[in-house]
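Worksheet: one structure, shown below.
Owing to the predicted nature of the structure, the values given are computational and were not obtained by experimental measurement. In what follows, every chain begins at residue 1, and chains take the letters A, B, ... in the order their sequences are listed.
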Amino acid sequence: MNNRPKSTHWADITAEKIIREKGDKELYTCASGITPSGTVHVGNFREIISVDLTVRALRDMGKNVRFIYSWDNYDVFRKVPKDMPKQEEMAKYLRKPIVLVPDFLDGEESYARANEKRLEKLLPEVGIYPQYIYQAQKYRNSDYADGMKTALQNRDVIRRELNGSRTSDLPDDWWPISVFCSQCDKDTTTVLDWDGEYGVHYSCECGNDETVDMRKTPWVKLPWRIDWPMRWAYEGVDFEPAGKDHHSDGGSFDTAKLTCKEVYNHEAPVTFQYDFIAVKGRGGKMSSSAGGVVSLAEVLEVYQPEIIRFLFAGTRPNSEFSISFDLDVLKIYEDYDKCERTYFSKPENDKQMKKWEKEARIYELSQVAEVPTEMPYQIQIRHLTSLLNIYAGDIDKVIESLGDVKPSQIERLKRRCQCAWNWCRDFAPEDFRFSINDENSELLEVTDQERLVLQKLNKVVDENLGKVTEKEFGVMVYDIARELEMETTVMFPLVYKAVIGKDNGPRLVSFLSTIGPYKLRKILNRY
RNA sequence: GGGCCGUUAGCUCAGUCGGUAGAGCAACGCCCUUUUAAGGCGUGGGUCGUUGGUUCGAAUCCAACACGGCUCACCA
């Protein structure tokens, strides 16, 4: 026996590492969190799903796991996001905790809550169910009073630790806590003294000057670099990944790790660094201030939930990748389908088995809920967009036209249709959009020979389409060109023009047979 | 300045227990009487950034260097 991982998937390797470093435990706590100071974008989502995948890996090893997600809604509101209305109104709330900023968009109880809700609603769609912890509630309830007291008691230790990675030392009168003013709600305060227990004396720029008891007041909190390790200890966190901005030498993970051990007497969690997500085919970079953020909701418009999971499960966390809205979307769907086919086909030999295991693991982790026991209905997304255009986005009709969809496959397929249609409408190149003409469409001005082509085509469609094989029908279509001694490069654009009002379109023969004789006759009869 | 990541086919990348160099796209070719956007099959193509080291054997491990990117040194 050895400790060799059964799987070489990064989530399984991470899970093994957690067990190895934290020992065999009754319960493992995996954590993630973010400040809801703006739209939670897909870059932030990477952390959540990284934890989810690791949690699943641990559970697959039979472990009991708690997945906590911290909403840091007691952080200071420091910048009005550019994409928000009522900028001046919002600016009045700067330096107050985010939980006190009103929501001018949806009328939620607070701006923080609005951002939180948008994500909380969506996570179940991608199969993620964390236990949410709201930091404002924890702080206001004085749950961290002892944690803050510990920080104050270790003021010098913490200062030394932080100074280790600062360019200028913290001043002598620095305190490891921050206070929101009980009168004006802002953090424009200065801590003046601490009584050695729970009493903190502060003054505020607004003129307020008072001493509060951390056990009874909702106004005191820890600054980030101390807050983080305090909560690791408080919740007993075993695993928490972090973005590369936290993971440099001297970054917050670095100092938090020190503080966690020396002040809170708890080993820092196992971690890894994840890279950022770029956005492609939509323009702009993803940064809250630049306003180019892409939310999970927007990604879900174009990608099926399992394909979003696939994207993250199939990429190592420490490498950067793009969420694409351009033609890459087609490729990603195809990659997913290929992975799915692999999962449902038995490997033939040992060498293939190794590859298969890796693919299969990615497929499993990509699933929102249980892994399907039979192969889902596969249809090339490119073809699907054509069908959707033909049926003008009527998904039920598209599925009906396929004819061989099992009831158990319908739900997933519908979702794929919806995503494909959204993509077609909102992101795809113009080539991917067309609509079938009908008896009311504008008539083409045609030469006598062109009219003859359309008439012959009409006759072929009328007499044969649907009655002979597509191959036979194809021969007949090409025969028209031959008979009239016309190049297909001349004939086809004419047909496309008559049928969809464009110079080109999907491969003609199969396209015509998909449209079917009924619709085609209506168009061609008029020539 | 510190740290992290990357450098493999024309392009995008996979290859993480060291064991004959891989995929997709592109190119080229073939098939379905068929280049107009949905098919199938095949072919070509790489001194694996550079130099050195460990090893029977290195894309893979180690060291140095080059180039590229990100990040920290304010705050969260």
Once you round it to whole Å, what is the distance between [atom2] of [N] and [atom1] of [X]?
X      : N     : atom1 : atom2 : result
A:W423 : B:A38 : CH2   : C1'   : 13 Å
A:E334 : B:G24 : CD    : C1'   : 9 Å
A:H246 : B:A73 : NE2   : P     : 10 Å
A:R95  : B:C75 : CZ    : P     : 13 Å

Centroid separation under 6.0 Å, is that true for the rings of [Y] and [X]?
X      : Y      : value
A:W219 : A:Y202 : no
A:F434 : A:F511 : yes
A:Y234 : A:Y264 : no

Practice item. Any chance you could list the contact pattern along nucleotides 4-11 of chain B? Use B for base contacts, S for sugar-phosphate-only contacts and - for none, protein heavy atoms under 4.0 Å, 5' to 3'. Key: S-------
**Study point:** Ring geometry between A:W228 and A:W232 (parallel below 30°, tilted from 30 to 60°, perpendicular above 60°)
**Key:**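 Rings of A:W232 and A:W228: tilted, 30 to 60°.
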Point to revise | Salt bridge A:R341-A:E334, side-chain N to carboxylate O under 4.0 Å | key: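 No.
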In terms of side-chain heavy atoms of [X], which of [options] is nearest?
X      : options             : answer
A:R166 : B:C74, B:A76, B:U36 : B:C74
A:K331 : B:G24, B:A38, B:G15 : B:G24
A:S248 : B:G39, B:G2, B:A76  : B:G2
A:R382 : B:A38, B:C75, B:G2  : B:A38

Does [X] have a side-chain nitrogen or oxygen under 4.0 Å from the phosphate oxygens OP1 or OP2 of [N]?
X      : N     : answer
A:T167 : B:C74 : yes
A:Y478 : B:U36 : yes
A:R225 : B:C74 : no

How would you label the contact of [X] with the nucleic acid (heavy atoms, under 4.0 Å): base, sugar-phosphate, or nothing?
X      : answer
A:T35  : sugar-phosphate
A:G474 : nothing
A:T514 : base
A:R482 : base

**Study point:** 5' priority, RNA chain B, between A:M491 and A:D335 [closest heavy atom]
**Key:**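 The residue closer to the strand's 5' end, by nearest nucleotide, is A:D335.
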